[in-house]
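First the structure, in the form of structure tokens, and then the observations on it.
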Amino acid sequence: MAELVVAGSGPQALTLCCLLLQKRPQWRRRLRVLDPSGTWLERWNTQMRRYEIPWLRSPSPHHPHPNPHALRRFAQERQRGAELEGPYGLPHTQLFSDFCRSVVADFQLADRVQAVAVERIRLAPAGDNPLELDLSDGSVLAPRRLVIATGAEAPVLPGWVRAIEDPYPADALQHSHNLDLGACPGLAGQHLVIVGGGLTSAHLALGAIRRGARVSLFCRRALRRKPFDADPGWLGPRYLKDFRAEPCWHRRRQQVLAARDGGSITPELASRLQQAQAAGALQLNEGCQIASARWRQGQWQLHCRDGRRHQADRL
Ligand SMILES: Cc1cc2nc3c(=O)[nH]c(=O)nc-3n(C[C@H](O)[C@H](O)[C@H](O)COP(=O)(O)OP(=O)(O)OC[C@H]3O[C@@H](n4cnc5c(N)ncnc54)[C@H](O)[C@@H]3O)c2cc1C
Ligand SMILES: NC(=O)c1ccc[n+]([C@@H]2O[C@H](COP(=O)([O-])OP(=O)(O)OC[C@H]3O[C@@H](n4cnc5c(N)ncnc54)[C@H](OP(=O)(O)O)[C@@H]3O)[C@@H](O)[C@H]2O)c1
């Protein structure tokens with residue numbers, strides 16, 4: 001019987017499983033991890049490859065092993081210290097991936113992910129276990145505890161995208177969620193509009209420019225430059241003490257959103273965007289929001305809230 005079911009096998013699920021097994025090895029028998037990918041960190045590895053991300057934004061102590069020094073030690077033992085970038089030791093993508101594979105092996109978790117999705121959670125009518133889970137293979141599980149670690153949900157599209165009425169070619173409008181830079185044909189010579197002021201937009205802009213496209217980046221606020229998503233005080237007791245003392249989940253979420261404060265890019269990517277701007281490959285539209293988009297004669301006609309109009313081949 002599975003007493004603890006973890007839905008999802010991303011970095012959060014792996015972190016939790018390692019910590020649990022380190023503290024309570026006897027839980028191994030009672031633990032089940034469910035993810036349609038059937039493997040660890042599939043979504044993570046896919047997004048890194050698709051957006052061609054050379055290294056992480058998060059510093060070296062940030063990883064699924066319970067010992068914060070484990071990644072640095074892993075790199076040093078393999079003479080791969082050069083793959084820890086800059087003063088914060090930002091791990092190169094391949095190093096991080098190899099390290100996570102070794103963590104999975106060390107904790108004997110390699111064959112623990114069952115390739116099914118949790119489709120529905122129900123309160124059980126009676127009995128010892130409070131929950132029933134309907135799984136995508138048609139079976140039902142009744143664990144005592146469930147951890148939902150399923151990551152970000154489906155893309156949230158702005159209202160003006162949902163309001164587009166004209167038919168348009170599928171690859172003329174894409175959300176980053178479904179985008180694979182390497183599989184985007186014919187970018188050379190095209191004009192792309194990318195909406196967003198976070199690191200994903202910045203990487204996609206630079207990737208498209210590398211392929212010969214001209215990019216206009218639209219950020220609804222001014223582009224913000226920060227080494228990390230949130231103040232490093234959130235990694236330790238400075239802010240976490242009060243956060244953990246807050247019993248209300250809604251207020252906790254508000255604290256998280258305030259600490260995150262929307263999207264931002266690293267100073268390194270900011271300077272690469274600046275170079276692209278200077279070279280004429282990038283136009284930066286800060287404080288600019290699209291109000292409507294129409295597909296006319298093979299192009300996007302974009303109307304912004306400030307009254308300006310733009311054209312683009314792809315969004
Ligand atoms: C391009 C990019 C780069 C990033 N770089 C960094 C970085 O450098 N450093 C950093 O700390 N963070 C980074 N992030 C953020 C990081 O990806 C997320 O914070 C992290 O992946 C969240 O982990 P997670 O385990 O919660 O979810 P995910 O990694 O999203 O994993 C969730 C898993 O749940 C599974 N799942 C979904 N629905 C179900 C279901 N119904 N039943 C069972 N399983 C299900 C999915 O298949 C998936 O495998 C980056 C994000 C992006 C998009
Ligand atoms: N390792 C790496 O190099 C790397 C690469 C990519 C991503 N990441 C990480 O992955 C996480 C997600 O990054 P992300 O860039 O995908 O998301 P993000 O940081 O949340 O940024 C999303 C951006 O979209 C904008 N936005 C949202 N809704 C909008 C709307 N309706 N109209 C216009 N703009 C809208 C937001 O604007 P506001 O800012 O105004 O809210 C924000 O700038 C972050 O933790 C990031 O650090 C890391």
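Indexing begins at 1, ligand by ligand and atom by atom, following the structure's order. Residues take their numbers from the sequence shown, with the count starting at 1. Here the structure is a predicted model, which is why all the values come from computation and not from measurement.
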What part of T266, side chain, backbone, both or neither, has a heavy atom within less than 4.0 angstrom of ligand 2? neither

Looking at [atom], what's its closest protein heavy atom, distance included?
{"atom": "atom 21 (O) of ligand 1", "result": "P11 CG, 3.6 Å"}
{"atom": "atom 46 (C) of ligand 2", "result": "D229 OD1, 3.6 Å"}
{"atom": "atom 35 (C) of ligand 1", "result": "D35 OD2, 3.0 Å"}
{"atom": "atom 43 (C) of ligand 1", "result": "L34 O, 3.4 Å"}
{"atom": "atom 39 (O) of ligand 2", "result": "G263 N, 2.8 Å"}
{"atom": "atom 2 (C) of ligand 1", "result": "Q47 NE2, 3.6 Å"}
{"atom": "atom 27 (O) of ligand 1", "result": "G151 CA, 3.3 Å"}
{"atom": "atom 42 (N) of ligand 1", "result": "V118 N, 2.9 Å"}
{"atom": "atom 29 (C) of ligand 2", "result": "R220 NH1, 3.4 Å"}

Heavy-atom distance from atom 6 (C) of ligand 2 to the protein below 4.0 Å? yes

Does the protein put a heavy atom less than 4.0 Å from atom 19 (O) of ligand 1? no

Salt bridge check: are D261 and K226 linked by an N-O gap of less than 4.0 Å? no

Measuring from the heavy atoms of W55, does anything fall under 4.0 Å of ligand 2? yes

Report yes or no: does a heavy atom of Q47 sit under 4.0 Å from some atom of ligand 2? no

Let's go through H92 and E85 carefully: what are the C-alpha distance in whole Å and the side-chain angles of both, what is the deciding distance for side chain to side chain donor-acceptor pair (under 3.5 Å) to 0.1 Å, and is it a yes or a no? CA-CA 7 Å; H92 283 206; E85 205 64 41; 2.4 Å; yes

Quick check for you: to the nearest 0.5 Å, what is the distance between L282 atom CG and Q274 atom CD? 10.5 Å

The reported gap from CG in L223 to OG in S264 (rounded to nearest 0.5 angstrom) is 9.0 Å

Whether S37 lies under 4.0 Å from ligand 1, heavy atom: no

Using non-hydrogen atoms of the residue, decide whether M48 is closer than 4.0 angstrom to ligand 1. yes

Using heavy-atom distances, let me know which of [options] sits nearest [atom].
{"atom": "atom 13 (O) of ligand 2", "options": "V156, T200, V161", "value": "T200"}
{"atom": "atom 48 (C) of ligand 2", "options": "L204, D261, L269, L199", "value": "L199"}
{"atom": "atom 11 (C) of ligand 2", "options": "H203, Q289, R260", "value": "R260"}

Any N or O of W44 closer than 3.5 Å to N or O of ligand 1: no

Heteroatom proximity flag, H62 to ligand 1, N/O under 3.5 Å: no

Can you check whether H63 reaches V103 side chain to side chain, under 4.5 Å on heavy atoms? no

What I'd like to find out is whether the side chain of F218 reaches to under 4.5 Å of the side chain of C304, using heavy atoms alone. yes

Ligand 1 versus A149, non-hydrogen atoms closer than 4.0 Å: side chain, backbone, both, neither? backbone

Taking non-hydrogen atoms only, is I53 closer than 4.0 angstrom to ligand 1 via side chain, backbone, both or neither? side chain

For ligand 2, find out whether one of its N or O atoms is nearer than 3.5 Å to an N or O atom of S264. no

Does any N or O atom in G197 lie less than 3.5 angstrom from one in ligand 2, N or O only? yes

Is R252 close enough and on-axis enough to F243, meaning under 6.0 Å and within 45°, for cation-pi? yes

I need the atoms of ligand 2 closer than 4.0 Å to a non-hydrogen atom of G262, numbered in the order shown. 39 (O), 41 (O)

Ligand 2 atoms nearer than 4.0 angstrom to some heavy atom of R221 are 38 (P), 39 (O), 40 (O), 41 (O)

Decide yes or no on side chain to side chain donor-acceptor pair (under 3.5 Å) for Q311 and Q301, but give the supporting numbers first. CA-CA 5 Å; Q311 292 185 330; Q301 311 290 333; 3.1 Å; yes

